[in-house]
Amino acid sequence: MGAPPHPQDRARVTAGEAAPLTGILRRQIAQTGPLTVAEYMAAALGHPLHGYYTTRDPLGRAGDFITSPEISQVFGELLGLWCADLWLRAGRPAPLRLVELGPGRGTLLADLWRAIAVVPGLREAVRLHLVETSPVLRAAQAAMLERAGAPEPVWHDHVAAALDGPLHGPAIVLANEFFDALPVHQYVRSPAGWRERRVAWDDARGGFAFGLDPAASAGLIQVPESLRTAPQGSLVEVCPLGQSLMAEMARHVAANGLAVLAVDYGYTQSAVGETLQALKGHAPVDPLNDPGSADITAHVDFAALARAATEAGGHVHGPTTQAAFLGRLGLAARTQALVASRPDLAEQTRAASARLVDPARTGMGTLFKVLAVTPPGLEPAGFADG
Ligand code: SAH
């Protein structure tokens, strides 16, 4: 399985022999057998020395991909107003933990920090907690927040550390393009039944290649019930880590108050189909080529996240599209206000806002979904008209 390498890729595979992660994973496979797709993805993104996020800042025009907060300041500002509105509805709890998962360059928080100044008392109540594994991005976040005049945040490696222990209490957790970076398992319905897909080393090809487990594995119970009868050849992606993190956070906000807000590209109903993709320099590349050098993501199964949150006692809102959500939060009015204050930048400002809600099938407006989890009885803005 897997597409044969492009001649150009072949050259890079050869050059990649020297790339540390290719050698490390190749040796690991030789010793302990083919890796699950999730193990491969986790190593490619998060290996402590050679992982993609460990070694670089991937964002921006010169990087490999661009995200909503990097496109327009309006994104972080509107999310800030969403937080402020929720804080008021919840009766202004203080202190309020504001946790961001995978904050990238810290741009969203910097824009949010500016926007929440309009609500007296909120800045004073907020304690910033960032969940970030990349040392490069932690440094970028520190610099960005300092420039924005925000208080120094506390960094954590894991979600549990940002919510547990003495930190117990009301929290808002924000995650933009975080869940798509969490490792997925892939299962294929072979003639013999569902099998987990694995990454092996193909000596003949001189590169990594996909294969299937010869036997059924325990992980198969994760294939959603509704998909088990899918036709032969179907591939299903499952992200148990995303589901367990969502459950943990939902349990936290159900018990302590406020919300989780997840924004990502993904689908509303669990579905068959491969979405695992690698991006380098804004162009798709083979995810099996030169791990650690490209971003690898998979679309987010919002139905699975919603199920996990509901089972943990959370009240789920959405998913709705990013276009509908930002529209309801006042994207048009905020864009107009920015244009009025900087007429010289009118064109860029309007184009950036339009990009956030681009209705094309692969555009941010509809491919991106927004899901919130609150305790029962708390209604966040942005999910219903009016
Ligand atoms: N939210 C930012 C960045 C998105 S890129 C934005 O919208 O611009 C994904 C982010 O998640 C990066 O900051 C990356 O370092 C972080 N990340 C990826 N996997 C992670 C993990 N398992 N634990 C913590 N952070 C992770």
Side-chain angles (χ1 to χ4, degrees), residues 38-80 98-112 128-145 153-163 173-184 239-246 248-249 260-266 277-280 282 291-292 294-300 322 326 352 355-356 364 367-370:
E39 286 166 341
Y40 176 86
M41 187 173 169
L45 294 180
H47 185 277
L49 292 179
H50 310 297
Y52 175 74
Y53 282 117
T54 323
T55 54
R56 77 201 71 204
D57 169 359
L59 290 150
R61 270 169 231 292
D64 293 316
F65 60 92
I66 190 156
T67 56
S68 296
E70 300 298 329
I71 288 171
S72 167
Q73 69 185 74
V74 177
F75 187 78
E77 290 171 352
L78 291 178
L79 261 56
L98 188 61
V99 183
E100 190 179 355
L101 312 184
R105 289 178 173 170
T107 310
L108 191 164
L109 280 183
D111 294 332
L112 172 151
L128 293 177
H129 291 269
L130 313 188
V131 178
E132 175 62 70
T133 40
S134 161
V136 179
L137 290 175
R138 280 188 180 197
Q141 291 153 16
M144 180 73 81
L145 288 173
V154 180
W155 279 274
H156 307 272
D157 283 334
H158 300 288
V159 171
L163 293 175
V173 184
L174 303 174
N176 185 59
E177 291 211 37
F178 172 78
F179 282 95
D180 66 73
L182 299 180
V184 293
C239 185
L241 180 58
Q243 291 172 34
S244 66
L245 290 180
M246 180 51 94
E248 192 176 341
M249 296 189 290
V260 180
L261 186 73
V263 185
D264 228 307
Y265 43 96
Q277 59 176 354
L279 274 187
K280 189 170 180 164
H282 300 267
D295 187 34
I296 304 185
T297 62
H299 287 203
V300 174
Q322 175 158 306
L326 295 180
R355 194 163 163 201
L356 293 180
M364 285 188 140
L367 181 61
F368 278 65
K369 310 290 187 301
V370 185

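The figures that follow rest on heavy atoms only: side chains count, while hydrogens, waters and symmetry mates do not. Indexing begins at 1, ligand by ligand and atom by atom, following the structure's order. Given the structure is predicted, the values throughout are model-derived calculations rather than measurements.
Within ligand 1, the atoms closer than 4.0 Å to a non-hydrogen atom of Asn176 are 1 (N), 2 (C), 4 (C), 6 (C), 7 (O), numbered from 1 in the order shown. Within the listing of ligand 1, atoms 6 (C), 7 (O), 8 (O) sit less than 4.0 angstrom from a heavy atom of Pro69. Here is the list of ligand 1 atoms found below 4.0 Å of a heavy atom in Gly104: 2 (C), 3 (C), 13 (O). Residue contact check: Thr133 has heavy atoms under 4.0 Å from atoms 20 (C), 21 (C), 23 (N), 24 (C), 25 (N), 26 (C) of ligand 1.
A donor-acceptor pair is defined here as one N or O able to donate and one able to accept, closer than 3.5 Å; such a pair exists between the side chain of Lys369 and the backbone of Gly266. A donor-acceptor pair under 3.5 Å links the side-chain atoms of His47 to the main chain of Leu49, judged by distance alone. With hydrogens and angles disregarded, no donor-acceptor distance shorter than 3.5 Å links the side chain of Asp57 to the backbone of Val136. The closest donor-acceptor contact from the side chain of Arg355 to the backbone of Ile71 lies at 3.5 Å or more, if one exists at all. In this structure a side-chain-to-backbone donor-acceptor pair under 3.5 Å is present from Gln141 to Gly104. The closest donor-acceptor contact from the side chain of Ser134 to the backbone of Tyr53 lies under 3.5 Å.
Counting only heavy atoms of the protein, atom 5 (S) of ligand 1 lies nearest to Tyr53 OH, 3.6 Å. The protein heavy-atom contact nearest to atom 9 (C) of ligand 1 is Glu177 O, 3.4 Å. The shortest contact between atom 22 (N) of ligand 1 and any protein heavy atom is with Leu182 CD2, 3.9 Å. The protein non-hydrogen atom at the shortest distance from atom 13 (O) of ligand 1 is Glu132 OE1, 2.6 Å. Nearest to atom 2 (C) of ligand 1 among the protein's heavy atoms is Gly102 O, 3.3 Å.
In this structure, Leu45 does not count as a contact residue of ligand 1, since none of its heavy atoms falls inside 4.0 Å of the ligand. Ligand 1 lies out of reach of Leu108, whose nearest heavy atom is not under 4.0 Å from it. Judged by the shortest distance from any of its heavy atoms, Gly46 lies outside the 4.0 Å radius around the atoms of ligand 1.
Residue-environment remark: NE2 (His282) exceeds the threshold of 12 foreign heavy atoms within 6.0 Å.
By the 3.5 Å distance cut-off applied to N or O atoms, Thr67 is counted among the residues near ligand 1. Where the criterion is an N or O separation shorter than 3.5 Å, residue side chain and backbone included, Glu70 fails it with respect to ligand 1. In terms of N/O distances under 3.5 Å, ligand 1 is not approached by Leu101. An N or O contact shorter than 3.5 Å is missing between Asp157 and ligand 1 by distance.
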Note to self: Evaluate Leu241 against Val184 for side chain to side chain contact (heavy atoms under 4.5 Å, CB included), listing each step before the verdict.
What the structure shows: CA-CA 8 Å; Leu241 180 58; Val184 293; over 6 Å; no

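Put simply, the side chain of Val300 does not reach to within 4.5 Å of the side chain of Tyr265, judged on heavy atoms. Contact annotation: the side chain of Leu245 never approaches that of Leu101 to less than 4.5 Å [non-hydrogen atoms, C-beta and beyond]. The shortest distance between side-chain heavy atoms of Val173 and Val159 does not fall below 4.5 Å.
By heavy-atom distance, the residue among Gly76, Gly106, Pro183, Ala181 lying nearest atom 19 (N) of ligand 1 is Ala181.
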